[in-house]
Amino acid sequence: MKPEYEKYFRNNLPHIWCAGCGHGIVMSAWARAVNQLGLDKDQCVAISGIGCSSRITGYIDMHTMNTTHGRALTFATGVKMARPDLNVFVFSGDGDGTAIGGNHFIHACRRNIDMTVVLMNNNIYGMTGGQFSPMTPFGKKATTCPYGSIDRSFDMAELAKGAGATFVARSDIFHAKHLTDMIVAGFNHKGFSIIEAVSSCPISYGRRNGTPDPRDMMDNIKEMCVMKAAYDKLSDEEKANKIPIGILQQIDDAPEYTSEYEKLVERVQGGAK
Amino acid sequence: MANVRLVQGNEACALGALKAGAYNFFGYPITPSTEIAEHMAEMMPKCGARFVQMEDEIASIGAVIGAAATGRKAFTATSGPGFSLMQEAIGFAAIDEVPCVVVDVQRMGPCTGLPTLSAQGDIQQARFGSHGDHAIIALAPSSVMETYYMTIQCFNLAEKYRTPVILLLDEEIGHLRERFDVDPDEEVEIINRKQPTCAPEDYLPYENTEDDVPAMAYWGKGYRYHMTGLTHNQKGYYSSVLPEVDAFNRRLTRKIEGHIDEFWESEDFFVDDCDYLFIAYGSVARTAQEAMEELRAEGIKVGLLRPKTIWPINEAKIKKACEGKKAVIVPELNLGQYAREIERVIGKPVEKVTRVDSELVLVEECVDKVKEVLK
């Protein structure tokens, strides 16, 4: 029997993701979240940019847009301002979201418009064959840093927090149930919600960095990702190779953009000059 | 007379957009288009519409396309540098056939150029700015009143042909204040995108229809479909199947260029009764008209063809108009961007009057050019 959440998929699988890719786990974690929330497909929108992660919108049975590289958040802002009644999901990757889309990323965080963003971080540009992204760790190899990256990397969650995002969470493909919970919590947050989904790319990243086997990558993610409460108790030394997962920032009283606009319209139409 | 007042071109554009039913404006400040954003920021909340100042022009056009995809009428306004930034997304609107309007109040370029001074330097960019093959519709008004009506027409054409439409204003028109006599309650034709009549499961959002323009369903009504900047089949999914790709790309151009007679407009003065024909658009057409009148007063048979629709070019119409003329003169505020298109169409050189020093083409420059050719 097909799992119930599959009703949110179109009947055009198989997908393009390589064997061992973590993105399929993110997609099913997201579909479980949507199913748990009981959302009407017709009242939902899914928007993505360009890259492996962004291909997800082709498989989702909603109003979907696979837009230009880095710009998903801009299209999503347009959709939400046109139809605030629709539920908006955005899918992006580490390159799409924090390199070419970096400007839109910080401004979407700042604006606090109600949407749920899932950023799949596999530390690499997979679609173009393995170039380093702003989230490739220092020293790791990619086709455009064959001797190891000398670029310092972004911590997406810290970036989002700094830009004023009102809901920032992280989870990963090993803790898939937890990832579903984070997406549900992000959706239920009124405002801009961003969830980093730590994913894996054995082909373009793992092969060049000593983990060509997807199982090894999964083990590494399992080791690296620690629940925030446990992470906070670690010594600085212990934290070195760990990252916290869970809700990393939540601000519930920040003004949400579409609501503020409604208030503005009321104020202006009420005769205020 | 009650409605007569002095209005700036940019304000007329803003008023026209609201009249056309614009619900969303997304923009980024840039001279000399900024007044449009300022007017929208002031007026849209009053009308219950939505204005957002975005972080840049790339964000602005993305948001416009997102809003327009859902079914709203959306637009942005910019100038040369911002227009350049928007080109990739204009290609998205073209390939996904999203009706939207981009107002480009042209300024002197290249690059930052002279922000507050006139030029018509974006003529070719409007046509060929985005990569790949697709047709585009671009209109160019010559007066403030015309800016109002042409803005409405831009939205109508966008909806009818499922395409981005460019309104090319000269800085001179955008900042010009002149007599504006429009009844705000006047009834104007408003076109909305064609809706599917089939069941949702049979809906083809990129169908090869007889009129080349597929129906575009409003969101939230059961017609869920996929939009992608990738070349796609009639359902909207990525396709690299040769016949599908070929049919799709050809339709994108044909749906506009193949239907040019339905929408192409010009204003003609003595086109059939002249030896010397000016072809001019935007603010320069006003100069050419004055030159024409002076020359005709002297007994020299001069005419003027003013394309209101800059793109696509109406080859048949231009060819016919230029037939048998002793000379065709194209004055413009660039080094001949439209002149080269006229030359291509008629297959012989035209006389150019060009300025790229930010000043306007003068009437006497047009007069002198005709007299020079006469000799």
Side-chain angles (χ1 to χ4, degrees), chain A residues 10 12 16 40-50 54-55 57-86 88 100-101 103-108 110-111 113 257-258 261-269 272, chain B residues 23-26 41-74 76 87-93 95-96 98 100 200 217-230 232 235-238:
Chain A
R10 291 186 169 122
N12 60 351
I16 63 148
D40 175 357
K41 295 191 276 191
D42 218 35
Q43 302 304 314
C44 290
V45 178
I47 298 176
S48 61
I50 294 290
S54 290
R55 284 300 187 93
T57 47
Y59 313 130
I60 292 172
D61 187 11
M62 291 179 170
H63 297 286
T64 55
M65 284 181 114
N66 170 209
T67 69
T68 50
H69 197 19
R71 319 300 175 199
L73 287 169
T74 73
F75 285 74
T77 301
V79 167
K80 194 68 186 175
M81 287 307 291
R83 292 287 306 273
D85 57 311
L86 298 176
V88 177
I100 189 167
N103 194 31
H104 312 307
F105 180 93
I106 56 174
H107 288 281
R110 171 182 67 82
R111 203 172 280 124
I113 188 163
Y257 198 84
T258 59
Y261 205 100
E262 292 303 325
K263 286 186 215 163
L264 171 74
V265 168
E266 272 173 41
R267 188 152 49 85
V268 171
Q269 291 186 344
Chain B
Y23 183 84
N24 288 102
F25 178 96
F26 302 92
E42 191 197 338
M43 296 187 292
M44 285 186 119
K46 291 181 182 170
C47 310
R50 303 287 182 265
F51 165 91
V52 183
Q53 181 170 315
M54 298 297 286
E55 56 271 22
D56 59 27
E57 287 90 347
I58 299 173
S60 302
I61 185 70
V64 163
I65 296 168
T70 71
R72 299 290 193 188
K73 290 184 184 173
T76 186
Q87 292 300 335
E88 184 197 12
I90 290 173
F92 184 92
I95 198 172
D96 278 293
V98 183
C100 58
Y218 294 121
W219 286 13
K221 295 188 182 298
Y223 294 84
R224 295 183 303 278
Y225 65 96
H226 186 50
M227 306 178 86
T228 176
L230 288 160
H232 39 262
K235 281 190 163 173
Y237 300 123
Y238 167 73

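So that the names make sense, note that chain A is the first sequence line, chain B the second, and so on, each numbered from 1.
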*asked:* To the nearest 0.5 Å, what is the distance between OG1 on A:T258 and CG on A:L264?
replied: 12.5 Å
_Which portion of A:D85 sits near chain B, non-hydrogen atoms under 4.5 angstrom_ = neither
*Would you indicate whether the side-chain heavy atoms of B:D96 and B:H232 approach each other to under 4.5 Å?*
yes
*Heavy-atom proximity to chain A below 4.5 Å, by part of B:A59*: both
*asked:* Counting heavy-atom pairs closer than 4.5 Å to chain A, which one of B:I65, B:I61, B:V64 comes out on top?
replied: B:I65
*Name the option with the most non-hydrogen atom pairs under 4.5 Å to chain A; the candidates are B:A49, B:G236, B:P45.*
B:P45
_Heavy-atom contact with chain A under 4.5 Å, split by part of B:Y23_ = side chain
*Between B:C47, B:A67, B:G48, which shows the greatest number of heavy-atom pairs under 4.5 Å with chain A?*
B:A67
*To the nearest 0.5 angstrom, please state how far the CZ atom of B:F92 sits from the SG atom of B:C100.*
10.5 Å
*Indicate yes or no for a side-chain donor-acceptor contact from A:D42 to the backbone of B:G222 under 3.5 Å, with no hydrogens or angles considered.*
yes
*Pick one of side chain, backbone, both or neither for A:R111, based on which atoms fall under 4.5 Å of a heavy atom in chain B.*
side chain
_side-chain hydrogen bond (donor to acceptor under 3.5 Å, both in side chains) for A:R10 and B:Y237? Distances and angles first, verdict last._
CA-CA 11 Å; A:R10 291 186 169 122; B:Y237 300 123; 3.0 Å; yes
*asked:* Rounded at 0.5 Å granularity, tell me how far OH in B:Y238 sits from OG1 in B:T228.
replied: 10.0 Å
_B:K235, NZ: over 12 other non-hydrogen atoms inside 6.0 angstrom_ = no
_chain B interface, residue from A:M62, A:M65, A:H63, A:H107 that has the most non-hydrogen pairs under 4.5 Å_ = A:H63
*Heavy atoms only, distances under 4.5 angstrom: which of A:L73, A:N12, A:D61 has the most pairs with chain B? Name it, please.*
A:D61
*Drop me the distance from B:T76's OG1 to B:N24's CG, to the nearest 0.5 angstrom.*
11.5 Å
_Under 4.5 Å from any heavy atom of chain A - which part of B:F51_ = both
_Residue B:A68 versus chain A: region with a heavy atom under 4.5 Å_ = neither
_If you count heavy-atom pairs within less than 4.5 Å of chain B, which of A:R71, A:M81, A:H69 leads?_
A:M81
*Heavy-atom pairs under 4.5 Å with chain A, option from B:E88, B:K221, B:R72, B:R50 with the top count*: B:R50
_Rounded to the nearest 0.5 Å, what separates atom CE in B:M227 from atom CD1 in A:I47?_
9.5 Å
*A:K80 portion near chain B, given a 4.5 angstrom heavy-atom threshold*: neither
